[in-house]
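What you see below is based on every heavy atom in this structure, not just the backbone, and it leaves out hydrogens, waters and symmetry mates.
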Amino acid sequence: MTTWTAPFIASDADLGSAPILRREFTLDDGHGAVTSATLDVSALGVVEAWLGGTRVSDHLLEPGWTSYEWRLRVVTHDVTEHLTGTGSGEAAVLGLVLGKGWAAGRLAWGGGGGWYADEVAGFAELRIVFADGHEQRVATDTDWQALSSAITADQLYDGEDIDARVDDTTWKYPGRIDTAAAVHTVDLGERELVADTVPPVRPLAEIAPVEVWTSPSGATLIDFGVNLVGWIRVTASGAAGTVLTLTHAEVLEHDELGTRPLRTAKATDHFTLSGGDDVFEPRFTFHGFRYAQVDGWTGTLDELRAAVTAVQVGSDLARTGTFESSHELLNTFHDNVVRGMQGNFLSVPTDCPQRDERLGWTGDIAAFAPTASYLFDTRAFLGDWLRDVWLEQQHADGIIPFVVPDVLKYSPAEDFGKPDATAIWSDAGVWVPWTLYQAYGDTAVLEEQLDSMVAHLRRIKGHLSPEGLWDTVFQFGDWLDPDAPPEDAAKAKADPGVVATACAYRSATLVAQAARLTGHEAEATEADELATGLQAAFQEHYVTDGRIRSDCTTVYALAIVFGILSPEDEATAGDRLAELAEQSGYRISTGFAGTPFITDALTQTGHLDDAYRLLLQTECPSWLYPVTMGATTVWERWDSMLPDGTINPGEMTSFNHYALGAVADWMHRVVGGLAPLTPGYESVLIAPQPGGGLTWASTSLDTVHGHVAVRWELVDGELLVRATVPEGVSAVVRLPGAAEQRVGGGTHELRAPAAVPAA
C-alpha cells in the first residue's frame with residue numbers, strides 16, 4: 001500500500017486566475033540514465049500536471065469527485081518518457097495547473113460553492129529511478145512557486161475564461177521565471193489519500209459542426225448534430241483584446257438558443273484574443289450542449305465552421321454491450337441511451353450534465369445500473385462510487401442520501417423535507433452492488449458493501465408504521481409520472497407507500513441473498529424476517545382481490561417484478577397491468593419508479609405484445625416520442641420538449657438524463673435474447689422473444705468469460721437464431737414453440753417455428 005507524505009500546497013497570493021504551482025529541480029548526478037519515473041498527483045480542486053514542458057497525460061478533471069470530507073484520490077502516471085533526454089545534472093520543471101472543480105467551485109442549485117475547500121491546493125510526488133537503482137524524489141513543499149495563468153475564471157457550471165494575452169508558457173521551462181508568489185501547506189483534516197482505481201475522464205471524440213447560421217434575432221449559432229458533454233475548441237485570430245463568447249445549450253426554442261433549462265448555470269466560455277494566432281480549449285469546465293451561440297466573431301460563417309470543434313469528454317469506460325434491430329427508431333433510441341450514459345458517467349454517475357445540478361443522484365443509477373453494466377464495464381467506476389455511498393451513510397446515521405457525494409447536506413433541498421432513507425434513491429445502496437454481482441459474478445462487491453446494505457435495511461425497519469409499511473417518511477415515489485403537473489414532479493398516481501414498501505421488500509430479499517453468498521447468516525436471517533413482514537403487510541393493506549392500492553401501472557409493475565404478490569394475485573395484477581396499458585393507448589404512464597420494470601412485468605405475466613406496443617409507441621409520452629422530435633440523448637421528462645417545439649414549462653427540464661433509458665436492459669434480454677443464467681454470465685440464457693413487427697435483432701456482450709452474441713431473424717415462417725458462446729460457458733436456449741436445449745462453446749445455428757409478430 002502506497003503511503004504519501006508530501007503536503008498539499010496552495011498559493012499565498014490571490015492570483016486572479018487558476019494558479020500554477022511550479023518547482024524547478026535538477027536530476028541527481030552520477031547515477032546513469034533515468035530508467036523509470038512515476039508521478040503521483042492530486043488536488044483539492046482539479047489538476048493538470050506538466051513535466052519537462054508537456055502535459056503528462058490526456059486525463060481531465062483529475063482526481064475526480066469523491067466524498068472529499070473523507071476520501072481523496074491520488075492518480076499515478078508513468079512519466080519516464082517526459083524525462084528521457086534530460087541528462088544527469090540538468091534542470092527540469094514539474095508543474096501543476098489547478099482549477100476549482102467540485103471541491104472549490106459552486107455546486108447544486110442553491111448558488112453556493114466551496115463546500116469542500118475554500119482554496120484550491122495541489123499535491124505531487126515524483127519518484128525518479130536511475131540506472132544504478134538510485135531514487136530521487138521531488139514533491140510538493142513550501143519551496144514551490146505559485147504563478148498566475150491565462151485561465152482567468154473557471155467553474156464547472158459557468159464555464160471558463162481564457163485570456164491569450166497572458167503568456168503562461170514560460171513557466172514550463174527552467175530559469176525563465178522572474179517573480180512568483182510563495183506557497184503554504186494545506187491541512188487535509190480527516191481526508192484519507194487513496195489510490196485511484198477508476199477509469200479517467202478523457203476526450204472521447206471530436207465532433208465537427210453540421211451547421212452554422214444566423215438566427216432570427218441575429219445571433220450566430222452552431223449545431224454539432226448531437227447532444228454531447230464537453231466543450232468547444234476554437235482557432236481564432238484578431239485584434240488583441242477581442243473577446244469571443246460561447247454560450248452552450250442543448251436545444252433551440254423558437255429558433256433561438258434555449259437556455260432556460262440551464263437555470264443559473266451560465267455555461268459560457270470567454271476567450272480573449274492575443275492579437276496573434278490563438279487556439280482556445282477549456283480544461284476546467286464542461287457543458288452539456290448540442291448548440292452554441294458565438295458572440296464576437298468577426299469572420300464569415302464558413303470560417304467559423306472551420307474554426308470550431310466540439311470535444312466530447314467523459315469517464316473512459318470500456319464498451320461491452322451492443323444492440324441493433326430492424327426498427328430504426330428503436331436503434332436511434334438505443335444510441336441515445338449510450339450517448340446519454342457517456343455524458344453522465346463523468347467521474348460520478350450524474351443525473352444531468354448541463355444545468356446547475358450535475359449530481360450523483362442515487363435514484364437515477366438505481367434504475368439504470370443494469371443497462372449501464374451491459375453497455376460498458378462499470379465494475380471499477382460504480383464500485384468506487386459505492387465506497388462513497390457507505391462513507392456518506394456512516395456519517396448520516398445509516399441514511400443513504402439522495403445524492404452521492406452528498407453536497408446537499410451543505411445546501412439542503414427544502415422541498416424534500418428532512419433527509420432520510422427513501423425508496424429507490426436509498427435502495428441504490430442495495431440494488432447497485434447486486435447489479436454488479438449479477439453482471440460480473442464477483443462476490444467481492446457484496447462483501448465490501450454488505451454493511452452498507454444491512455444498515456439501509458435497518459434504517460427502513462426503524463421507519464415502518466405500526467402496520468409494517470414504509471409510509472412514514474418523505475418519498476419521491478413515482479417521480480416524474482407523466483400525468484403529474486410540470487411544477488410538481490412528485491405528484492404521481494402511485495401511492496408512495498405502495499412504491500416504498502414494494503421497494504423495501506425487494507431490497508430485503510436481495511440483502512438476504514447477498515448475506516448468504518458472503519457467509520453472513522445472521523444478517524441473512526434478519527433480512528428474511530424483514531422481507532416476510534413487508535410482504536404480509538403489503539398484501540394485507542394494499543392488495544384486494546388482485547387490485548393494488550392506487551390501481552396504476554407503476555404499482556402493478558413493481559409488485560409483479562419484485563415478487564411480493566401471491567401467484568394468484570400476480571396473474572390478476574398482470575391482466576390489470578395490460579388493461580391499463582391498453583387504456584392509455586400504450587402511452588407511457590410510469591415515472592422513475594415504474595419505468596424500469598413495466599415491460600418485464602408485462603412479459604412475465606404473458607403480455608409480451610403489450611410490452612412491445614408500449615416500447616414502440618411514438619406518441620407522447622413514450623420512449624420513441626423524443627426520437628421523433630430529433631432527440632440524440634434520453635430526456636429527463638417524457639415531454640421535455642412539447643410537440644409544438646417549446647420547452648416543458650417545468651423548472652426542472654433536462655435533455656440528457658439516462659434514467660428513463662433503463663428499458664434498454666429489457667431490450668437486451670428480451671428483444672435481443674441474451675441474459676445471464678448465473679452471475680457474471682458463467683452460463684447464459686439465449687431466449688429472444690420476437691414481437692412488435694421486428695424482423696430481426698442482434699445483441700452482444702463482452703463478459704468476464706468471453707464474447708457472447710445473439711442474432712435472430714424471421715424468415716419464411718421460421719425463427720433463425722445464430723448464437724456465439726465462449727468456450728467454457730454453457731447456454732440454455734429457449735425459443736418459442738421449441739424444446740429447451742443446452743449448448744456449449746462455439747457458434748450455433750438454431751431454428752424454431754415463428755409466430756406472426758404483432759405489428
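Between F416 and F402, the ring planes are perpendicular. Angles over 60° get that label, and only those under 30° would be called parallel. By the 30° and 60° cut-offs, the orientation of the rings of Y410 relative to Y116 is perpendicular. Between F381 and F345, the two ring planes are parallel [angle under 30°; tilted spans 30° to 60°]. The aromatic rings of Y374 and H668 lie parallel to each other, their planes meeting at an angle below 30°, with 60° marking the opposite boundary. Ring orientation note: the planes of F323 and H334 are tilted relative to one another, at an angle of 30° to 60°.
A donor atom on one side chain and an acceptor atom on the other are found under 3.5 Å apart for T603 and W666. Between the side chains of D356 and T264, at least one donor-acceptor pair of N or O atoms lies under 3.5 Å. Inspection of the T518 and T443 side chains reveals no N or O donor paired with an N or O acceptor under 3.5 Å. N656 and N344 are linked by a side-chain donor-acceptor pair at a separation below 3.5 angstrom, with hydrogens and angles left out of the test. The closest side-chain donor-acceptor pair between N227 and T633 falls under 3.5 angstrom.
In this structure, Q394 places its CD atom where more than 12 heavy-atom neighbours from other residues, nucleotides or ligands lie under 6.0 Å away. The neighbour count for E682 CD, taken as heavy atoms of other residues, nucleotides or ligands under 6.0 Å away, does not exceed 12. Within a 6.0 Å radius of CD in E190, other residues, nucleotides and ligands contribute 12 heavy atoms or fewer.
Counting heavy atoms from C-beta outward, Q539 and D569 have side chains that stay 4.5 Å or more apart. Looking only at side-chain heavy atoms (C-beta outward), F592 and L660 come within less than 4.5 Å of each other. With a 4.5 Å cut-off on side-chain heavy atoms, V498 and I548 count as touching. Between W65 and P405 the shortest side-chain heavy-atom distance falls below 4.5 Å.
Summarising the geometry of Q354 relative to L262, their closest heavy-atom pair is O-CD2, 3.5 Å, with the distance given to 0.1 Å. Smallest separation of non-hydrogen atoms from G497 and D495: N-OD1, 2.7 Å. Contact detail for T553 and L577: the closest heavy-atom pair is O-CD1, 3.6 Å. The minimum heavy-atom distance between C503 and A423, with the atom names listed, is CB-CB, 4.0 Å. Closest approach of V634 to G661, counting heavy atoms only: CG1-N, 3.8 Å. Of all non-hydrogen atoms in K491 and P485, the two that sit nearest each other are CB-CD, 4.0 Å.
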Using the side chain to side chain contact (heavy atoms under 4.5 Å, CB included) rule, take D388 and R71 through it: C-alpha gap first, then chi angles, then the decisive distance, then the call. CA-CA 8 Å; D388 285 330; R71 197 170 73 100; 3.0 Å; yes
Before you tell me yes or no, could you show the steps for D406 and W115 under side chain to side chain contact (heavy atoms under 4.5 Å, CB included), namely the whole-Å CA-CA distance, both residues' side-chain angles and the distance that decides it to 0.1 Å? CA-CA 10 Å; D406 185 18; W115 304 117; over 6 Å; no
Walk me through whether T590 and T595 qualify under side chain to side chain donor-acceptor pair (under 3.5 Å). CA-CA 5 Å; T590 51; T595 294; 2.9 Å; yes
Just do the salt bridge (charged side-chain N to carboxylate O under 4.0 Å, His left out) check on R73 and D384 with the steps written out, would you? CA-CA 10 Å; R73 295 191 195 113; D384 186 79; 2.6 Å; yes
Let's go through W425 and F476 carefully: what are the C-alpha distance in whole Å and the side-chain angles of both, what is the deciding distance for ring-ring contact (aromatic ring centres under 6.0 Å, His included) to 0.1 Å, and is it a yes or a no? CA-CA 8 Å; W425 277 252; F476 287 99; 4.3 Å; yes
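For the atom pair CZ of R263 and OG1 of T653, the computed distance is 9.0 Å after rounding to the nearest 0.5 Å. Here CG of L446 is found 8.5 Å from CG of L436. Values are rounded to the nearest 0.5 Å. Taken from CG in L530 to OG in S507, the straight-line distance is 9.5 Å, to the nearest 0.5 Å. Note that NE2 of H463 and CG of L469 are 15.0 Å apart. Values are rounded to the nearest 0.5 Å. Distance check: D528 CG to E523 CD gives 12.0 Å after rounding to the nearest 0.5 Å. In this structure, the separation between CG on D377 and CZ on R319 is 13.0 Å, given to the nearest 0.5 Å.
Judged by distance alone, the side chain of E636 and the main-chain N or O of F655 form no donor-acceptor pair under 3.5 Å. Looking at S426, its side chain does come within 3.5 Å of a backbone N or O of I400 through a donor-acceptor pair. Looking only at distances, no side-chain donor or acceptor of T544 sits under 3.5 Å from a matching main-chain atom of R547. Judged purely by atom type and a 3.5 angstrom limit, T285 uses its side chain to pair as donor or acceptor with the backbone of L156. The backbone N or O of P401 sits less than 3.5 Å from a side-chain atom of T362, completing a donor-acceptor pair. Judged purely by atom type and a 3.5 angstrom limit, Q393 uses its side chain to pair as donor or acceptor with the backbone of G398.
A salt bridge links R459 with D397: at least one charged nitrogen is closer than 4.0 Å to a carboxylate oxygen. Between E69 and K409 there is a salt bridge, with a side-chain nitrogen of the basic residue lying less than 4.0 Å from a carboxylate oxygen of the acidic one. Salt bridge R506/D427: absent, no basic N to carboxylate O contact under 4.0 Å. Classification of E526 and K461 as a salt-bridged pair fails, no side-chain N sitting under 4.0 Å from a carboxylate O. Between D551 and K493, none of the side-chain N atoms (NZ, or NE/NH1/NH2) sits under 4.0 Å from a carboxylate O, so this pair counts as no salt bridge.
Taking the ring centroids of F368 and Y658, they lie under the 6.0 Å cut-off.
Geometrically, R358 engages F286 in a cation-pi contact defined by less than 6.0 Å to the ring centre and at most 45° from the axis. Annotation: cation-pi geometry satisfied between R379 and Y440 (NZ/CZ under 6.0 angstrom from ring centroid, within 45° of ring axis).
When each of W431, F562, Y437 is checked for a side-chain contact (heavy atoms from CB on, under 4.5 Å) with L510, only W431 meets the rule. With respect to T554, the side-chain contact (heavy atoms from CB on, under 4.5 Å) criterion is satisfied by exactly one of D478, D481, I598: D478.
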